[in-house]
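First up is the structure itself, then whatever we jot down about it.
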Amino acid sequence: MTGSDGRDAFSGARVDLADVQRLEDTVARLRAQDYRYGGGACGEAVAEVLPHAVGLLGGTVRGTVRPRLCTAVADLYNLAG
């Protein structure tokens, strides 16, 4: 998430497994909506979630959690088209 001054709101914030699981759950719900109703059905929701998800990448993430975070963000980008 980026503020009006362009700084990453999550820079240095701790990102743990629960944060990544919430993002994975969100992506799964959006993907289900995409499959059921077509790509346009979840476009606005993806656009709202994407800045937050990308912002998590700027946080402090343990090595074992980072691959899952990167995958979840990539999946979200995939949904965005």
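Interatomic distance, SG of Cys42 versus CG of Leu30, reported as 5.5 Å (0.5 Å rounding).
With sequence neighbours excluded, the residues satisfying side-chain hydrogen bond (donor to acceptor under 3.5 Å, both in side chains) with Arg29 are Thr26. Every side-chain contact (heavy atoms from CB on, under 4.5 Å) that Ala18 has, sequence neighbours left out, goes to Asp16, Arg22.
For the pair Arg66/Val20, no side-chain contact is recorded, criterion being any heavy-atom separation below 4.5 Å from C-beta on.
Grouping the Ile, Leu, Val, Met, Phe, Trp and Tyr side chains by contacts below 4.5 angstrom, directly or via other members, places Val46 with Leu57.
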I'd like a table of donor-acceptor pairs (distance under 3.5 Å, sequence neighbours excluded) in which one partner is a side-chain atom from residues 67-81, with atom names and distances.
unit_1, atom_1, unit_2, atom_2, d
Arg68, NE, Glu24, OE2, 3.0
Arg68, NH2, Glu24, OE1, 2.6
Arg68, NH2, Glu24, OE2, 3.4
Thr71, OG1, Pro67, O, 2.9
Asn78, OD1, Arg31, NH2, 3.4

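Among residue pairs with one or both ends in residues 43-52, none qualify as salt bridge (Lys or Arg N to Asp or Glu O under 4.0 Å); sequence neighbours excluded.
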